[in-house]
Amino acid sequence: MRKGLTAYGDEEFSLFLRKAFIKAMGYSDDALDRPIVGITNTYSGFNACHRTVPELIEAVKRGVMLAGGLPVEFPTITLHESFAHPTSMYLRNLMAIDTEEMIRAQPMDAAVLIGGCDKTVPALLMGAASANVPAILMVTGPMITGDHKGERLGACTDCRRYWGKFRASEIDEREINAVSSQLCPSAGTCMVMGTASTMALCSEALGMMLPGGACIPAVMAERMRNAEATGARAVGLAKEGLTPGKIMTPEAVENALAMLLAIGGSTNAIVHLTAIAGRLGIEVDLDAFDRMGRKVPVLVDLKPTGSYYMEDLYKAGGAAAILRELEPRLNLDARTITGRTLGEEIAAAPPPFPQQVVRARKTPVFKEGGIAVLRGNLAPGGAIIKQSAMDPRLARHEGRAVVFESLEDLANRIDDPKLDVARDDVLVLKSAGPKGAPGMPEAGYIPIPKKLAQAGVKDMVRISDARMSGTAFGSIVLHVTPESAAGGPLALVKTGDRIRLDVPARKLELKVSAAELAKRKKAWRAPRPRAEDARGYRKLFLESVTQADRGCDFDFCAAEITTRVPRTKK
Ligand code: FES
C-alpha cells in the first residue's frame with residue numbers, strides 16, 4: 001500500500017487516505033497486509049478474442065488467494081484486430097503506455113498480464129518491461145476450429161482463402177455467408193500461426209509465461225487451471241522481486257527469436273519483439289536475425305503455410321515439443337518466470353511421443369527459418385519476407401512495377417478491368433508505413449487484381465512499407481524501410497520500373513540508375529499533412545513513431561541500447 005503514494009505533501013496522510021478509500025471495497029486489514037497482485041482486465045465487448053477474460057480473472061484471483069495474496073483487477077485498453085481504426089498497430093503504443101503507467105501508479109507488488117489478441121501481448125510486455133514491476137503473462141488461448149462442408153476452418157487464413165474464392169467468383173454470396181459463421185466458432189484468438197499464436201509461443205520461449213501456457217485452447221478447463229497457477233505464481237514473484245528485466249534478458253530474447261523462426265511465425269512478431277526488447281535496451285539486429293534464420297528451420301506444420309491448427313499443436317505437446325527440437329540453438333540457462341531455467345523446464349516437460357505437427361530437426365517443414373531479411377537500394381533499412389509462405393517459383397523474380405500511391409488508390413484501381421497489369425508484374429503499394437497510413441496497417445497482402453484472380457493467378461510479388469496479417473500468405477515483401485512517407489526509395493518507384501527480388505541472395509533492387517533516383521528524390525515532396533494530424537494522439541504518434549527496424553515504438557519510450565541480439569557470427 002506504500003508503493004507510489006499519491007502526492008499530498010504528507011506521506012503518512014497519503015497512506016492513511018489510501019487505506020480509508022480501499023476499505024470502502026470491503027477489504028480487511030489482514031487482506032491489505034498481503035502481497036497485492038494487480039490483474040489487467042483487457043475485456044471489451046468489442047474483443048471476442050478476450051471473451052473469456054472475466055472467467056480467467058476469477059481463476060487468477062483464486063490462485064492469488066490460495067497462495068496468500070490479495071488480487072486486485074484494474075482496466076487497461078484492449079485492442080482487437082478488426083475493431084481498431086485505422087489499425088490496431090496505431091494503438092499498440094497507447095496500450096503499452098497505459099499498461100506501464102497503471103502498473104506504476106497503483107500499489108501492486110506484482111501484475112498478471114492477460115492478453116491474447118495480436119497487439120495486446122506485445123503492448124502488455126512493453127509496458128511491463130518499462131514499469132519493471134514483477135509481472136507474469138498469460139494468454140486467453142486459441143479458438144477451436146470450425147467446419148464447412150466437412151472441411152476444418154480457421155481464422156483467418158481460411159477467411160482470406162474463401163474471400164479469394166469469392167472474388168474469383170468460385171463461390172457465391174450464400175456460401176461466403178455460411179463460411180463466415182464458421183471461421184470464428186468459439187472464444188479465443190486466431191487458431192492458425194498468426195500473430196496471436198506467434199506472440200504466445202514467443203512469450204513462452206521468452207520465459208514470461210508459465211510452461212505450456214501458449215497453446216491451451218481458450219475454451220478448455222485446463223486454460224482455467226493455467227490461470228489459477230498464473231495467479232499463484234504471481235504471489236511468488238511479488239515475494240522474490242523477480243522483475244521483467246531479470247527474465248527478458250538478451251539470452252531470452254534470442255530464445256524468442258529462435259522460436260519465431262522455427263514456428264514459421266508471423267512477420268509482425270519481429271516488429272513486436274524488437275519493440276519489447278528495445279524497452280530493455282536490447283536491439284534486434286535484422287541481419288544477425290537473418291543469419292540465425294539460415295540455421296533454424298521451420299519445424300511446425302501449422303496454417304497458413306502448413307496443415308494444422310493450434311489445438312493440434314496443443315495436443316502434440318505445445319511449446320515444449322518445439323523447444324525440445326530447438327535445444328541446440330537455445331540459451332538453456334535463461335531464467336524463466338518459474339524461477340527455473342528454460343533448460344530445466346524443457347527437461348521437466350512431458351516426454352515426447354509420435355505426432356505429426358512438430359517435425360524433427362532433420363525433417364523440417366522448411367529448411368530455413370520462416371522469415372528472411374532483404375536489403376538493396378529499394379530497402380536500405382531492410383525489408384522482410386515470409387519465405388516459408390511464398391510461391392517458391394517467385395523467390396527469384398524480376399518484373400515491371402505497377403504502383404499504387406496509397407491505400408485509397410489501391411482500393412480505387414485494383415479491380416478496375418482496365419488496370420494495366422499482368423501476372424509477372426510486381427505490385428507496389430506506397431504510403432502504408434508507420435507514418436504514412438498511419439500505423440502501418442496489414443495492407444501488405446495486396447489482393448491479386450480481380451481480372452488476374454479470375455484467370456487463376458494465385459500469387460504475385462507484392463512490395464510495400466505495410467505489415468501483413470500473420471494469417472496471410474504469398475510472395476509479399478513487407479516493412480520496407482525507410483517507408484515512402486518518410487522519403488524512402490519506395491517513394492520514388494514509378495509504374496514501368498523494373499524490380500528484382502532475389503530471396504536466396506536476400507536482395508531487393510530497383511533497377512533504376514542512381515542518377516535517375518537522385519533526380520526523382522529532388523522532385524519528391526512529402527505528403528501534405530492531414531487535418532487530423534495536428535492534434536491529440538495522432539500528433540504524438542506521427543512525431544514519435546520509429547520505423548519498423550526499431551519496432552515502431554515511440555522514440556521516447558525505448559531504453560538506451562546496451563546489447564545487440566542475436567549474437568550470431570558473420
Ligand atoms: Fe484477435 Fe486474430 S483477431 S487473435
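Start at 1 with the first residue, then count along the sequence. When a ligand or atom number is given, it counts from 1 through the structure's own listing order. Excluded from the calculations below are hydrogen atoms, water molecules and symmetry mates; all remaining heavy atoms, backbone and side chain alike, are included.
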Chemist: In terms of side-chain heavy atoms, does Arg538 have a donor or acceptor partner in Tyr90 at a distance below 3.5 Å?
Modeler: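 Judged by distance alone, the side chains do pair up.
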Chemist: Strictly by modelled atom types, are Asn177 and Arg174 linked by a side-chain donor-acceptor pair under 3.5 Å?
Modeler: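 Result is no, nothing qualifies.
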Chemist: Can you tell me how far CG of Asp312 sits from CD1 of Ile144, rounded to the nearest 0.5 angstrom?
Modeler: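 Result: 11.5 Å between the selected atoms.
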Chemist: With 2.8 Å as the limit, jot down which protein N, O or S atoms are around atom 1 (Fe) of ligand 1.
Modeler: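 You should have found Cys49 SG, Cys117 SG.
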Chemist: Give the intermediate values and the outcome of side-chain hydrogen bond (donor to acceptor under 3.5 Å, both in side chains) for residues Thr78 and Asn47.
Modeler: CA-CA 7 Å; Thr78 194; Asn47 193 343; 2.9 Å; yes
Chemist: What disulfide bond (SG atoms under 2.5 Å apart) pairs are there with at least one residue in residues 113-174, not counting sequence neighbours?
Modeler: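 Qualifying pairs: Cys156-Cys159.
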Chemist: With Arg152 as the cation and Tyr309 as the aromatic partner, state whether NZ or CZ is under 6.0 Å from the six-membered ring centre and within 45° of the axis.
Modeler: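 The answer is no; the distance or angle limit is not met.
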